[in-house]
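Accompanying notes for the structure given below.
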Amino acid sequence: MQHITFTNARGQSVELKSSAPFLLQSIEGLGDVDADIQTQKAPFQDGSTYIDSVLQERAISLEIVILADKSTLLKQRQFLASVFNPKLGPGTLRYENGETIREIEAVPDGVPVFPSGRDNRGPTFQKAMINLLCPDPHWKSTEITEEPTFEPLFQFPFEGIFEIGVQRDNRIIVNDGDAPAPLYIEFYGPAVNPKIANKTTGEYIKVNQTLGENEFMRIDTTPGKKSVYFVQSDGTERNVFNWIDLESNFFQLIVGENEIEYSADSDIQGAIVNIRYNKLYNAV
């Protein structure tokens, strides 16, 4: 059963499902996205040489029916127009169908259309059409958080908790999505010049700085949103993009297996690196 939830930048949400007050009749654009095939041609070359394929924006169309009594029908229509207000900018469209949950950033492409005519409007119903534009065409999975860097091995049968384990500094992450996945990384001190590397691709991110206890850094490798923030023990944060080593690359998880390694110029016992990401899909 398809269940759609749209949340705008103001935090207002509307649910579109198979029941009142907002009955979802149809949704288009779950998979069909055009691709721009980029090629180059040399003099006297037959045909061309393939370079890359770039996906275009995703267009999603929703057809719904507002079901309400005479006293609330107008209010529900106004509420729908308020939630899908294009002046608010991007919101989040959440798609659920059984165990599948995907999200995508979407902008209303105009105010909802409320067609007239006996077939489209009555005392207790109003049809509506909503068009959305998704600048990033990929659907996102729910957020995935990697296992902590400390991996327990066994536990003594004493009262209370007493564990022995090993400090993890290497892990395998499998990206079975359809596109490279940006990372959200948190470096926690104490650590000197912490570094995280994708040994599969040879790329790495290194911070030329010493992190003390209760200090950490947040790094976002999302294209167009790359950022580096340092958070002090009192919660104060500031932009420290200049701390990143010049040879660093804000890498993403490639499709398939990624060997991720964490290291520093000091003993990393007690230091932690957390990794979060969303897998990206071409369709749902």
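Within the 3.5 Å criterion, the main-chain N or O of L133 finds no donor-acceptor partner in the side chain of N131. Not a single donor-acceptor pair under 3.5 Å links the side chain of Q76 to the backbone N or O of L73. For the pair T210 (side chain) and V192 (backbone), a donor-acceptor distance under 3.5 Å is absent. In this structure a side-chain-to-backbone donor-acceptor pair under 3.5 Å is missing from Y188 to A191. Side chain of Q78 to backbone of K75: no donor-acceptor contact under 3.5 angstrom is found. Side-chain atoms of N8 come within 3.5 Å of backbone atoms of V83 as a donor-acceptor pair (strictly under, hydrogens ignored). Formation of a donor-acceptor pair under 3.5 Å by the S248 side chain with backbone atoms of I205 is not found in this model. Without hydrogens or angle criteria, R58 side chain to G29 main chain gives a donor-acceptor distance under 3.5 Å. Here the side chain of N198 pairs no donor or acceptor atom with the backbone of G202 at under 3.5 angstrom. Of the possible polar contacts, none joining the W243 side chain to the V228 backbone as a donor-acceptor pair under 3.5 Å is found.
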Where do I196 and E261 land on the side chain to side chain contact (heavy atoms under 4.5 Å, CB included) test, with the steps shown first? CA-CA 6 Å; I196 185 169; E261 182 182 70; over 6 Å; no

Between R218 and E237, does the salt bridge (Lys or Arg N to Asp or Glu O under 4.0 Å) criterion hold? Intermediate values first, please. CA-CA 10 Å; R218 293 199 304 261; E237 62 179 62; 2.9 Å; yes

Report the C-alpha distance between F84 and F79 in whole Å, list the side-chain angles of each, state the deciding distance to 0.1 Å, and finish with yes or no for side chain to side chain contact (heavy atoms under 4.5 Å, CB included). CA-CA 9 Å; F84 289 97; F79 173 70; over 6 Å; no

For the pair L183 and T222, evaluate side chain to side chain contact (heavy atoms under 4.5 Å, CB included) and give the outcome as yes or no after the intermediate values. CA-CA 7 Å; L183 292 174; T222 305; over 6 Å; no

Kindly determine whether I244 and N208 satisfy side chain to side chain contact (heavy atoms under 4.5 Å, CB included), including the steps that lead there. CA-CA 6 Å; I244 296 297; N208 292 323; over 6 Å; no

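For CD of E213, the number of neighbouring non-hydrogen atoms (other residues, nucleotides, ligands) closer than 6.0 Å is 12 at most.
A distance of 11.5 Å separates CD1 in I104 from CZ in F6, rounded to the nearest 0.5 Å. For the atom pair T201 OG1 and N258 CG, the distance stands at 7.0 Å (nearest 0.5 Å).
Between L132 and L62 the shortest side-chain heavy-atom distance falls below 4.5 Å. Counting only heavy atoms from C-beta outward, the side chains of P194 and Y262 approach each other to under 4.5 Å. Residues I275 and I144 form no side-chain contact, since every pair of their non-hydrogen atoms from C-beta on lies 4.5 Å or further apart. Two residues are said to be in side-chain contact when any heavy atoms from C-beta on lie closer than 4.5 Å; I66 and F125 fail this criterion. Using a 4.5 Å cut-off on side-chain heavy atoms (C-beta onward), E186 and V273 make no contact. Between K279 and L253 the shortest side-chain heavy-atom distance does not fall below 4.5 Å. Residues V65 and Q126 form no side-chain contact, since every pair of their non-hydrogen atoms from C-beta on lies 4.5 Å or further apart. Contact annotation: the side chain of P190 never approaches that of L211 to less than 4.5 Å [non-hydrogen atoms, C-beta and beyond].
A ring-ring contact (aromatic ring centres under 6.0 Å, His included) with F241 is found for exactly one of Y229, F250, F230, namely F250. Partner of Y95 under the side-chain hydrogen bond (donor to acceptor under 3.5 Å, both in side chains) criterion, out of H3, R102, Q2: Q2 alone.
Annotation: Y204 is not in aromatic contact with F251 [ring centroid separation under 6.0 Å not met].
A side-chain donor-acceptor contact under 3.5 Å links Q45 and T49. Remark: the T72 side chain and the D69 side chain contain an N/O donor-acceptor pair separated by less than 3.5 Å. Defined by atom type and a distance below 3.5 Å, a donor-acceptor pair is present between the side-chain atoms of E146 and Y277.
Note on I130: it does not cluster hydrophobically with L67, by side-chain heavy-atom contacts below 4.5 Å among ILVMFWY residues.
Looking at E103 and K140, no side-chain N of the basic residue comes within less than 4.0 Å of a carboxylate O on the acidic one, giving no salt bridge.
Taking the ring axis of F114 as reference, the NZ or CZ atom of R77 stays within 45° of it and closer than 6.0 Å to the ring centre.
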